[in-house]
Protein chains: 2
Amino acid sequence: MIETMADQAEADGRRRGGNRRAQILDAALKLFAQKGMAQVTTRQIAQAVGISQPSLYAHFRSADEIAAELCVRAFAALAEAMARVVAVPAGSDERLRRMARAYIDFALAQPDMYRVAFMLEDPQGCKSLGAADGLSHDPVLEAGLLCFAQWHRVIVEHVGDDDERAMILAQSTWAHIHGLVSLLIARHEFPWADRERLIEEHLRRLSF
Amino acid sequence: MIETMADQAEADGRRRGGNRRAQILDAALKLFAQKGMAQVTTRQIAQAVGISQPSLYAHFRSADEIAAELCVRAFAALAEAMARVVAVPAGSDERLRRMARAYIDFALAQPDMYRVAFMLEDPQGCKSLGAADGLSHDPVLEAGLLCFAQWHRVIVEHVGDDDERAMILAQSTWAHIHGLVSLLIARHEFPWADRERLIEEHLRRLSF
DNA sequence: TCCGTCAACCTATCATTGATAGCCTATCGA
DNA sequence: TCGATAGGCTATCAATGATAGGTTGACGGA
C-alpha cells in the first residue's frame with residue numbers, strides 16, 4: 001500500500017522535467033475545484049501528485065503558499081483573458097463591454113480559479129513569499145494590481161484624462177462585475193433568474 | 001492556571017440567564033473580527049467565554065454550526081438595517097437609494113458580520129442544522145432569502161409589475177452593491193480611491 | 001574511476017485542531 | 001429527600017500542517 005506511493009513517484013514523477021512545482025499546483029487547483037478549498041488537505045494534494053506529504057515542503061514553504069501561488073496564476077489568467085479581447089480593435093465603449101463579458105465568461109468557466117483569486121479569505125499566506133529583502137513585496141497583490149490595470153486602462157480610454165474620475169469609475173465598474181460573478185459562483189443555492197438574461201441586463205447597466 | 005477557567009465559569013457564566021449560546025456567538029464573532037475566521041479555534045472561543053472547549057459541543061453540534069448561526073444573525077441584522085430605512089416614506093427611487101446606502105453603511109460598519117454572512121466560503125455547515133425532519137430546511141439560506149426579499153420588494157415598487165424583470169433588476173442591483181462592499185472589506189491592501197467619493201459614484205450608477 | 005555535493009524524496013514524529021466518551025455537580029420538581 | 005437533567009470537566013482520538021533526519025541518485029571535477 002505505502003510502497004505504491006514510492007513506485008508511483010518514480011514512474012510518474014521523475015519522467016516530467018523538474019516541474020514538480022507546477023504539477024503540485026495543478027493537482028491542488030483540481031482538488032480545490034472538486035471539494036472546495038477548505039476541504040483539501042496537504043496529504044490529498046501529495047497523493048494526487050504521487051509524493052509523500054512532507055515532500056510538498058521541498059517545493060512550497062507552507063500550504064498557504066500553494067494557495068498564494070494559485071492566486072497569482074489565476075490573476076494572470078484572468079488578465080490574459082481580458083487582454084486577448086481588448087486587443088481586438090473597436091470603439092472604447094464596445095471594448096469595455098467586450099472586456100466585461102470576457103471577465104464574466106472567464107469567471108464562470110473557471111469558477112475555482114476565480115474563487116482562488118478573489119475569494120481567498122486570507123491571502124496573507126503570501127506575506128513571506130517574496131520577502132527575502134526587507135520590503136514585503138507581495139506577489140499576490142502585484143498580480144491583482146496588474147489585472148486591475150488592464151481593466152483601468154480601458155476605462156481611461158473610455159472616459160478621457162480625468163485621472164481621479166477614471167480611477168473611481170474603474171473601481172466602481174469592476175466592483176459591479178465582480179459582484180455578480182462572485183455571487184453566482186459562491187451562491188449556487190440561491191434562486192437565480194435566468195443566468196444569461198441576468199448577465200445581459202447587468203452588462204446593459206454597466207453604461208455610464 | 002487551569003482552575004482559573006472553572007472559577008471564571010462559575011463567576012461569569014452562571015450569573016447570566018441560560019444564554020450561554022448567545023454568549024458563545026458573541027465571543028466567536030468578536031474573535032472572527034479580530035483574527036479572521038480561519039485563524040479562530042474552538043479553544044479560543046471556549047476560553048473567551050470561560051468554559052472548556054468540549055463544553056461548546058453542548059450548545060452547538062460543530063464549529064461550523066457556530067459560523068452558520070452567526071451567518072443567520074448577520075443576515076437578520078442586515079435585513080433589519082434595511083427595513084428601518086425603508087420604513088421611512090419617500091418616492092420609490094429615493095427609497096431604493098436610501099436602502100442601498102443603508103446596506104453599504106451596515107456592511108462597512110460591521111465588516112465582520114458582513115463577511116460572515118456573505119463571504120463564508122462554505123456555509124454547508126448548516127446542512128444538518130434544522131433537518132430533524134426529512135426536508136433539509138436550511139436556515140442560512142432562508143435568512144439570506146429573507147434579506148434579499150427586503151431588497152426585492154423595494155425594486156418591485158420601483159419598476160412595477162413585470163415580475164421577471166423585477167427579479168433580474170433586483171439581483172443585478174444587489175450584485176452591484178455587494179460587489180463594492182465585499183471588495184472594500186476583503187481587499188484592504190488595494191489602493192482604493194477616496195472611499196466616500198467612490199461610494200457616491202457607485203450609488204449614482206445604481207440608477208436604471 | 002571515484003568521491004563530494006546537492007536536490008528530491010522518504011519515514012517517523014510533533015503540536016494543534018475539531019470532536020467524542022464518560023464522569024461530576026448543582027438545581028429543581030415530585 | 002431524591003431522581004432527573006442540564007451544563008460542565010478531564011482525558012483522549014483521529015486528522016492536519018509542519019519539522020527532523022536519513023537515503024538515494026544524478027552530476028561534475030580530481
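Numbered from 1 within each chain, the chains take letters A, B, ... in sequence-line order.
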Tabulated below should be each protein N or O lying under 3.5 Å from an N or O of nucleotides 18-22 of chain D; please produce it.
residue, atom, partner, partner atom, Å
D:dA18, OP2, A:Tyr57, OH, 2.5
D:dA18, OP2, A:Ala63, N, 2.9
D:dA18, O5', A:Tyr57, OH, 3.3
D:dA18, N7, A:Gln53, NE2, 2.8
D:dA18, N6, A:Gln53, OE1, 3.1

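Listed candidates were C:dG18, D:dT16, C:dC10. Nearest to the side chain of B:Thr41 is C:dG18.
Under the 4.0 Å criterion applied to side-chain N and carboxylate O atoms, B:Arg101 and B:Glu196 are assigned as salt-bridge partners.
Where B:Gln44 and A:Ala58 meet DNA chain C, the nucleotide closest to each residue was compared, and A:Ala58 sits on the side nearer the 5' end.
Between B:Glu65 atom CD and C:dG18 atom P the separation is 15 Å, expressed in whole Å. Per the geometry, CG belonging to B:Leu56 stands 13 Å off P belonging to C:dT17, to the nearest Å. Rounded to whole angstrom, the span from the CD atom of B:Gln47 across to the P atom of D:dT10 amounts to 13 Å. If you take CD of B:Gln39 and P of C:dT16, they are 16 Å apart, rounded to a whole angstrom. Between B:Ile51 atom CD1 and C:dC24 atom C1' there is a gap of 16 Å when expressed in whole angstrom units. The separation between A:His59 atom NE2 and C:dA8 atom P is 6 Å, rounded to whole Å.
B:Pro191 and A:Gln171 get closest at one heavy-atom pair: O-NE2, 3.3 Å.
Residues passing the salt bridge (charged side-chain N to carboxylate O under 4.0 Å, His left out) test with B:Arg197 are A:Glu164, sequence neighbours excluded. With sequence neighbours excluded, the residues satisfying side-chain contact (heavy atoms from CB on, under 4.5 Å) with B:Gln34 are B:Lys30, B:Leu31.
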CA sep, side-chain torsions, deciding dist, call: B:Arg21, B:Asp26, salt bridge (charged side-chain N to carboxylate O under 4.0 Å, His left out): CA-CA 9 Å; B:Arg21 204 180 155 87; B:Asp26 289 342; over 6 Å; no
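Checked against the 6.0 Å centroid criterion, the rings of A:Phe148 and A:Phe75 do not qualify as a close aromatic pair.
For the OP1/OP2 pair of D:dC9 and a distance below 4.0 Å, the side-chain nitrogens and oxygens of B:Ser55 include at least one atom meeting the criterion.
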